[in-house]
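Worksheet: one structure, shown below.
Computed over heavy atoms, backbone and side chain alike; hydrogens, waters and symmetry mates excluded.
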Number of protein chains: 2
Amino acid sequence: MSTDTKQKILDVAEQLFAEHGFAGTSLRHIITDAGVNLAAVHYHFRSKESLLEAVIIRRTAPLNEERLALLDKVEREAERSAASVEEILLAFLGPPIRLILNPSGEGRIFGKLMGRLHSETNLCFLEIAKKHFDVVSQRFHAALVRAVPDLPVDDLNWRVHFAIGAMAHTLSFWDRLEVVSHGKLKTGDPETLIPRLVGFIAAGFRAPVVARQATGHLKKKAAVERRR
Amino acid sequence: MSTDTKQKILDVAEQLFAEHGFAGTSLRHIITDAGVNLAAVHYHFRSKESLLEAVIIRRTAPLNEERLALLDKVEREAERSAASVEEILLAFLGPPIRLILNPSGEGRIFGKLMGRLHSETNLCFLEIAKKHFDVVSQRFHAALVRAVPDLPVDDLNWRVHFAIGAMAHTLSFWDRLEVVSHGKLKTGDPETLIPRLVGFIAAGFRAPVVARQATGHLKKKAAVERRR
DNA sequence: GTCTATAACGGGATAGAC
DNA sequence: GTCTATCCCGTTATAGAC
C-alpha cells in the first residue's frame, strides 16, 4: 500500500539520518533497511533533501504546536505577573524530552536527529530549522524577556544560547551519560531528567550578571594564565 | 616542500570538516581548495579517517595539556580547601574559548569542528574523543566532585552533561548569536564570553537539587514559582 | 616526494514498462 | 504506485612513472 511504503521510508530515514547524519546516509542504505524500492523514494519524496525535511517536520510540527499551547496556557495563568522562567522552560523543554523518553519508543531516536538539527552548521538543516522554528523561537524569546526583565538583553541572548546547547546535547545523548562519567555510572532516572535540566538552566538564567568592568579580575586571571 | 603540503592539507581539511562534516567532505574538495594532488593526501596521511584524527589532535593535544596545567595550578593553590567550581570551569573552558576567539584566526574554525566532536554520534569521532579526552575528563570530574561534595553524584553527572552541551554549542556557534535572538541582535562582546559561560554553568552547578519525590509534581513546583 | 592514470565502487536521479 | 534498468557522476584508494 502507498501510505505504508511512505511511512516505512520515513521511519527508516529518521533512524539512519539520526545515526549517521545526512551526508553519511545513502538512499540505498535506507531502501535496503526499509525493504522498498529506490524509485519509491523519488516518487513519494522527490529528493533526498526533501525526504529529510519530511522526516523533520513530521515530528517537529506537533512538537512546536504543543510548545506554543503550553506557553499560551502558562502566560494566561500568569495574568498580571509574568510567567516564571521555570514555567517557560518547562513549556519549551518538556515536549521534546517527553518525546524521547516516551516508553513507546516512537520518538526515541528523533532526539538524536533534533540534536543534529542544532549542530549542523551547513546545508539545508539551517533553512529547515529557520523555517519551522522561527515563530516558536520568537514567542519564547519574548516570554523570557518578560520573565527576567532586569537581565541585559545581551546576557539573555547568551544564556538562551547556552540553554539551547544543553538541550540539544541532552536530546542527542540522554542515553549516554556514561561517557561523561568516565564509564562508571548508569544513565540515571529518566523520570527526573526534565526537572534536572529545567533546574540547571533556570539557575543559569538567574546567575549574577557579569558586570562590564567587574570582569577585570577574571580577565586578569586569564591573562596571568596565558603568561605561564 | 613536504611539510608545506602537509600543513596545507591539514589546514584545509580542518576548515572543510568543520563546515560540512566528515561524511560531507570529500578528499577531492580538500585537494582542490588546498591546491595539492590527491595522491599527496594518501602519502602523508594514509586514509581519510587518519587525516581527520591528525586534524583533531593537532589542536586538542596542546589544548588538553593547557587544561591539565591550569587544573594543576588551581588545585595547588587551593591547598587545604577544594578548588571552586568557577576555577575548575575556567581551567576547562578557558583554553578552547580563548582559542576560537584568538584574533590571529588560527583556531577560529576549529571550534566548529570541536563542537561536532561532541555531537557526532557515530563513527571514528567517538573513538578519537575517547582516546584523547579520557584523562582530561577523569581529572576534571574528580575535581568537580571535590568542589561540590554535597551534590549527589547523579546530579553532578547530569550537570556535567548539560555543561558539555552548552560548551560544545558555544564553540560551534559563538559567531551566530543572531539565530537565537531571532536575527535582531549582534553577536555581543566576545571578551566577556568566558565569564558569561562560566557564570552560567557555575550557577547551574549550584542549583538546588531536585528532590526524589518532589519530581512528579512539577505543577506544584511551578505553582510555587509563580507565587514568587 | 610528487605526479598521472586508473581501478573499483557507490552515489542520486530518471525513463519507461507494467 | 511500483518495479527494473540505466545514466552519469563522484568517491576512496592504489600502481607506477618521474
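- Atom NZ in B:K6 sits roughly 8 Å away from atom P in C:dG1 (whole-Å rounding).
- Checked against D:dT2, C:dA13, D:dA13, the side chain of B:L27 finds its nearest nucleotide in D:dA13.
- Contact check, B:S26 against D:dG10: no side-chain N or O comes under 4.0 Å of OP1 or OP2.
- Computed from coordinates, the B:K8 NZ to C:dG1 C1' distance equals 19 Å when rounded to whole Å.
- Note: CD1 (A:I9) to C1' (D:dG1) measures 11 Å, nearest angstrom.
- The side chain of B:H42 contributes no N or O atom lying less than 4.0 Å from OP1 or OP2 of D:dT14.
- In this structure, A:T60 contributes its side chain and A:L63 its backbone to no donor-acceptor pair below 3.5 Å.
- Nearer to the 5' terminus of DNA chain D, by closest-nucleotide assignment, is the contact made by A:Y43 (compared with the other of A:Y43 and B:T25).
- In this entry the distance linking CG of A:L38 with P of D:dC7 reads 15 Å, nearest Å.
- Electrostatic pairing of B:D175 and B:K112 counts as a salt bridge here, judged by a charged N lying under 4.0 Å from a carboxylate O.
- Taking atom CG of B:L51 as the reference point, atom P of D:dA13 lies 10 Å away to the nearest angstrom.
- Among the nucleotides C:dG1, D:dT4, D:dA13, the one closest to the side chain of A:N37 is D:dT4.
- Between A:K73 and A:E87, no side-chain nitrogen of the basic residue sits less than 4.0 Å from a carboxylate oxygen of the acidic one, so the salt-bridge criterion is not met.
- Protein atom CD1 of B:I31 is 16 Å distant from nucleotide atom C1' of C:dG1, rounded to whole Å.
- At the phosphate of D:dT2, OP1 or OP2 sits under 4.0 Å from a side-chain N or O atom of A:H44.
- Among the nucleotides C:dT4, D:dT2, C:dG12, the one closest to the side chain of A:K48 is C:dG12.
- At least one test fails for B:R159 against the ring of B:F205: distance under 6.0 Å to the centre or angle within 45° of the axis.
- Rounded to an integer number of Å, the gap from CD1 of B:I30 to C1' of D:dA13 is 14 Å.
- Remark: C1' of D:dG10 and NE2 of B:H29 are 13 Å apart, rounded to the nearest angstrom.
- B:T5 has no side-chain polar atom (N or O) that falls below the 4.0 Å cut-off from OP1 or OP2 of C:dG1.
- A salt bridge links B:D11 with B:R58: the distance from a Lys NZ or Arg NE/NH1/NH2 to an Asp or Glu carboxylate oxygen falls below 4.0 Å.
- Nearest nucleotide to the A:A39 side chain, out of D:dC3, C:dT4, C:dG12: D:dC3.
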